[in-house]
Number of protein chains: 2
Amino acid sequence: MSYESSPYKEKKVISIGTVKDLTGLSVRQIRYYEERNLIFPARTEKGTRKYSFSDVEMLMSIADKREDGVQTHEIRKELKKAQEHIQKEKLRDTMIRGQLNAHFNMIKR
Amino acid sequence: MSYESSPYKEKKVISIGTVKDLTGLSVRQIRYYEERNLIFPARTEKGTRKYSFSDVEMLMSIADKREDGVQTHEIRKELKKAQEHIQKEKLRDTMIRGQLNAHFNMIKR
DNA sequence: CGTGTAAGGAATTCTGACACG
DNA sequence: CGTGTAAGGAATTCTGACACG
């Protein structure tokens, strides 16, 4: 109950025009939400943006919040909080693993 | 042990240039394999091709076979066979379901 | 058969900027 | 703040065709 792990969901392969079709947002809006650090598309060597399905979902969530009058700055804060939460979870997992390993090593020797 | 069901794998959102990068094939080759009915990209209203991750995987499999000297015509035949097999599986499932439903209905009444 | 390439045109994407409310 | 738009340029994609082995 923590990780999404479809290999396809995170792959950055969708160009901005397709993202526009998928989300109903304008390319202007899509680029602007990037400027506000809400999404982080990859770039090809030539500089064109590539989005993942995950990015598309995030954009739809942003669109919902914007419709409710939430400002990008607020959305940014929520996002940061969510990311910190994930970091803490990872750290906790790492530490539990460390403890378990320590125990096993004690037993084995 | 029958169906692939990631919602993302089948969605046609990748343009031909990205498919080229993903597969290492030339756009000429990618279009040619379509002409030979080995892949079936979608088209946008403007006519540009859109591929799914599934298409990308098929292309990689085609590339492997071509390297082994298999002609597109042969690959086409294999593909047709595989598709017929899937059809039969679906039919069998449908009939089993029908039988089961018939049984349940008998019991219920 | 399978692939490369040049040709011409249409559609896409990019950036930086001005406009508006 | 959030979004539209016109501007200029670069890169993408499309089709039909000729070339080659």
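Lettering of chains follows the sequences in order, A, B, ..., and the numbering in each one begins at 1.
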Q. Within the side chain of D55(B), is there an N or O that forms a donor-acceptor pair under 3.5 Å with the backbone of S52(B)?
A. yes

Q | Under-4.0 Å side-chain N/O to phosphate OP1/OP2 contact, R66(B) with dC1(C) | A | no

Q: Kindly say if Y33(A) contacts the phosphate of dT3(D), meaning a side-chain N or O under 4.0 Å from OP1 or OP2.
A: yes

Q.
Stem list for DNA chain D, please, built from Watson-Crick and G-U wobble pairs under 3.5 Å and keeping only runs of at least 3.
A. C:1-5 with D:17-21, C:17-21 with D:1-5

In whole Å, I'd like the distance from the [atom1] atom of [X] to the [atom2] atom of [N].
{"X": "Y32(A)", "N": "dA17(C)", "atom1": "OH", "atom2": "C1'", "value": "15 Å"}
{"X": "Q71(A)", "N": "dT3(D)", "atom1": "CD", "atom2": "P", "value": "11 Å"}
{"X": "E35(A)", "N": "dG16(C)", "atom1": "CD", "atom2": "P", "value": "10 Å"}
{"X": "D68(B)", "N": "dG2(C)", "atom1": "CG", "atom2": "C1'", "value": "16 Å"}
{"X": "L59(A)", "N": "dT3(D)", "atom1": "CG", "atom2": "C1'", "value": "15 Å"}
{"X": "R76(A)", "N": "dG2(D)", "atom1": "CZ", "atom2": "C1'", "value": "18 Å"}

Would you compute the distance between atom [atom1] of [X] and atom [atom2] of [Y] and round it to the nearest 0.5 angstrom?
{"X": "M58(B)", "Y": "I75(B)", "atom1": "CE", "atom2": "CD1", "answer": "9.0 Å"}
{"X": "I16(B)", "Y": "L25(B)", "atom1": "CD1", "atom2": "CG", "answer": "10.0 Å"}
{"X": "I86(B)", "Y": "Q83(B)", "atom1": "CD1", "atom2": "CD", "answer": "7.0 Å"}

Q. Below 4.0 angstrom, N of the basic side chain to O of the carboxylate: do R43(B) and E34(B) qualify?
A. yes

Quick check: closest heavy atoms across [X] and [Y], and the distance to 0.1 Å?
{"X": "T23(A)", "Y": "M60(A)", "result": "CG2-CG, 4.1 Å"}
{"X": "R36(A)", "Y": "T72(A)", "result": "NH1-OG1, 3.0 Å"}
{"X": "K12(A)", "Y": "F40(A)", "result": "NZ-O, 2.7 Å"}

Q | Proximity to DNA chain D (any heavy atom under 4.0 Å), residues of residues 12-31 of chain A only | A | S26(A), R28(A), Q29(A)

Q. Under a 4.0 Å heavy-atom cut-off, which of residues 39-51 of chain A touch DNA chain D?
A. K46(A)

Q: Please check if atom NZ in K50(B) has more than 12 non-hydrogen atoms from other residues, nucleotides or ligands closer than 6.0 Å.
A: yes

Q: With salt bridge (Lys or Arg N to Asp or Glu O under 4.0 Å) as the test, would you mind laying out the steps for E74(B) and K65(B) before giving the verdict?
A: CA-CA 10 Å; E74(B) 291 306 314; K65(B) 288 171 187 164; over 6 Å; no

Q: Decide yes or no for K80(A) and R76(A): does some side-chain heavy atom of the first lie under 4.5 Å from some side-chain heavy atom of the second?
A: yes

